[in-house]
Each structure stands twice: as structure tokens, then as C-alpha cells.
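Notes follow once the structure below has been shown.
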Amino acid sequence: MHESGRRDSADRRRAGRLVVPSQQAPADRSLLERSAIEELSHHADPWRVLRILSEFVEGFDALNEVGPAVTVFGSARAKHDDPYYKAGRSLGAALANRGFAVITGGGPGIMEAVNRGCHEVGGLSVGCNIELPHEQSLNRYVDLGVEFRYFFVRKNMFVKYARGFVIFPGGFGTLDELFESLTLAQTGKIEHFPIVLFGSPYWRGLVIFPGGFGTLDELFESLTLAQTGKIEHFPIVLFGSPYWRGLLEWLQDHVLASGAIAPDDLKLMTITDDPDEAAEMATRPLPVRVEEPREQTGEPKADAQ
């Protein structure tokens, strides 16, 4: 790209806010973790609503004039030589040539590929980035970028400003977006909204899985929050092994095998057929990691004997 092109791209880019330093706990974690609810909810949560409101306002203001757009999801781990990366780049160009902007999560992998394809043919390439414990920066092909603290605000933008979704192979975050969109369509919250799965070999096993969309949406949202460090020490228990076995096999054989998740990601959930075991798993005490005793709860320091 010529130097003038770089300047034009920089002029079009917009950041919703400054990125929080990586050593600071993500805002989502402060909102969702049980310790925050126990100790701070009476003081911090009402004021946190104002931050959430401001993030909605910033997102609406930044994206309101994007025009017709399609949101595309897919793995952040796809490399440049991955066939799906090349397909994502082609899709971004094809959408731009049809007069559509593209909206992605603004990160690497498939997101970068789609932004790149759109940007290279002169389309509007939008990225909605998210605050993570390990900072994820916007890829260099984003023309209009907005940073979000909260997953649920960002997810609203993906739907509100899109005419449809194209979903490439991906991990828990991609599956969360897939089942949220299916739940919204199934319940009539969105209408005439095409949801396109790209890559039939990857999706075929999931398509025949007899799961409820709303339940699967909640499952993959909780797994995404745990995987990205938005919540910690959060037991996710699947009850009924005959029901869940097909999904777990598909995650093992396709999602893990493709590199869209890591082996440890599958350890974020536990399966059981015993109600007592499920209750025990779901109520295990949290590890305590504080420097001083908590006067409110009487919990000892982590290194206390």
C-alpha cells in the first residue's frame, strides 16, 4: 500500500476507547466473577451500568452509517496458507464488490482474511475488537475499528448492523456467535437474516447434532468467557452423557483437530450422569488468591495454612 493509502486508512480508523493495559483485569471479569458480586455489587455495579451504556452509545455512533454489511466469523488461529484464509479473503472482496461492508471481530486469522479481501478492493472493512487478558490488536486491514470491553455489547453490534452472517470454521467464540444467531432467528428476534455456514466438511457433524439452539448458545458463551479469561474457576457441567456425546466427539474430531481450540479447552467442561456429582462439581469452592484477609467474608489469604 502507498504511503498516502496508509494515511487514508489511518484517517478512517476509529477507536472506541483506549485499550486497557494487559495487567488490568478485563471489565467483563469484574462484572461476572462471583467475588465481585459478593463484595462490590452494592457499590460498583450501579455505576458500571453507565460504562456499559457509554459503550453501547459509542458503538451505535461509530457504526450507524456503515450501510449494508455482512458479519463474518471464524477462527483467529487460521494461518495465511490455510485454505479457509484464502476463501475468507475472496469472500471479503466478493462482498465489497456487491456494495457491502464487512464486519468482523477485527483480530487475526479468518477475521483478518475477510477484512483484507474487502479492504484490498476498496470496500469498508470494519473490526469490532474485544478487551482480553492478553491484548488482541486490530488487524491492519481494518478501516473502521471499535474497541469493546464487554462481549455482550460487541455481540449486539455484530447483529444490529448486519444483513446476515457467514460463519467459517472456528472455536468456541465462533460457535457462540452461531448459536446466538440461530436462537435469535428461531425465536423471531431477527427475521429474514441469512446464516451461512462455510466449509461443509467441518460443519457436517454439527448439523446433525440434535441440540437446542438456546442451550447451545449458553454453553458456548460460557465456554468462550472461560477460555478468554473473562471468568475464572467457573464450573461448566454437562448433564446426560448420551445427549452430549455427539457434540463432544465433534469438538474432538473437527474443532480440536483443526487447531481452532487447544486440548486444555476441552477440560473447561465436565460431563456426568449423576445428580449428586453434578451438584458437587457446580458448587466447588473457589480458590482464594488475595494478599490480605477479606473482612467481609473472613476468607483467609491464599498462602494461609
Side-chain angles (χ1 to χ4, degrees), residues 1-16 58-130 136-148 154-171 173-174 177-178 181 190 192-203 258 260:
M1 184 186 295
H2 297 297
E3 187 63 33
S4 61
R6 290 194 185 95
R7 284 197 298 271
D8 291 342
S9 176
D11 290 342
R12 294 172 66 190
R13 178 170 297 187
R14 171 176 178 164
E58 179 64 36
F60 292 159
D61 185 48
L63 301 177
N64 188 51
E65 298 183 5
V66 164
V70 171
T71 298
V72 185
F73 302 106
S75 176
R77 306 183 187 193
K79 306 300 182 184
H80 286 197
D81 59 354
D82 189 318
Y84 286 124
Y85 184 98
K86 298 175 182 178
R89 189 174 171 185
S90 297
L91 173 67
L95 289 169
N97 288 332
R98 286 166 171 77
F100 281 76
V102 300
I103 302 173
T104 77
I110 298 299
M111 295 175 282
E112 177 188 292
V114 176
N115 286 133
R116 179 178 180 179
C118 179
H119 175 82
E120 288 175 337
V121 299
L124 178 58
S125 172
V126 180
C128 297
N129 198 27
I130 185 70
Q136 173 182 286
S137 60
L138 288 165
N139 69 67
R140 62 193 179 118
Y141 302 105
V142 169
D143 302 315
L144 174 62
V146 187
E147 302 275 358
F148 292 94
R154 177 183 184 237
K155 289 166 74 175
N156 185 280
M157 305 301 159
F158 285 145
V159 177
K160 180 173 176 60
Y161 293 102
R163 299 279 185 89
F165 284 175
V166 178
I167 303 179
F168 278 72
T174 300
E177 300 295 350
L178 167 61
S181 62
I190 53 176
H192 313 299
F193 194 90
I195 300 167
V196 181
L197 302 185
F198 192 96
S200 58
Y202 186 87
W203 295 111
S258 71

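Basis for what follows: all heavy atoms, side chains included, without hydrogens, waters or symmetry-related copies.
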Please tell me if the side chains of [X] and [Y] come closer than 4.5 Å, counting only heavy atoms from C-beta onward.
X	Y	value
R154	V146	no
R89	E120	yes
V72	F198	no
Y85	E112	yes

Heavy atoms only: give me the nearest [X]-[Y] pair and the separation to one decimal.
X	Y	result
L144	A62	CD2-O, 3.5 Å
T71	A162	OG1-CB, 3.2 Å
G99	P68	O-CG, 3.8 Å
M111	G74	CG-O, 4.5 Å
I190	S181	CD1-O, 3.9 Å
H80	K86	O-CE, 4.1 Å

Can you tell me how far apart [atom1] ([X]) and [atom2] ([Y]) are? Round to the nearest 0.5 Å.
X	Y	atom1	atom2	answer
Y161	I103	OH	CD1	9.0 Å
N139	N129	CG	CG	9.0 Å
I110	R116	CD1	CZ	12.5 Å

So, the side chain of [X] versus the backbone of [Y]: is there a donor-acceptor pair under 3.5 Å, distance only?
X	Y	value
S125	Y141	yes
Y202	G170	yes
R98	A94	yes
D143	V126	no

Among F158, F168, Y84, which residue satisfies the ring-ring contact (aromatic ring centres under 6.0 Å, His included) criterion with F73?
F158

Please report the C-alpha distance between F165 and V159 in whole Å, then the side-chain angles of each, then the deciding distance to 0.1 Å, and finally whether the side chain to side chain contact (heavy atoms under 4.5 Å, CB included) criterion is met.
CA-CA 8 Å; F165 284 175; V159 177; 3.6 Å; yes

Run H119 and V102 through side chain to side chain contact (heavy atoms under 4.5 Å, CB included) and show every step you take.
CA-CA 9 Å; H119 175 82; V102 300; over 6 Å; no

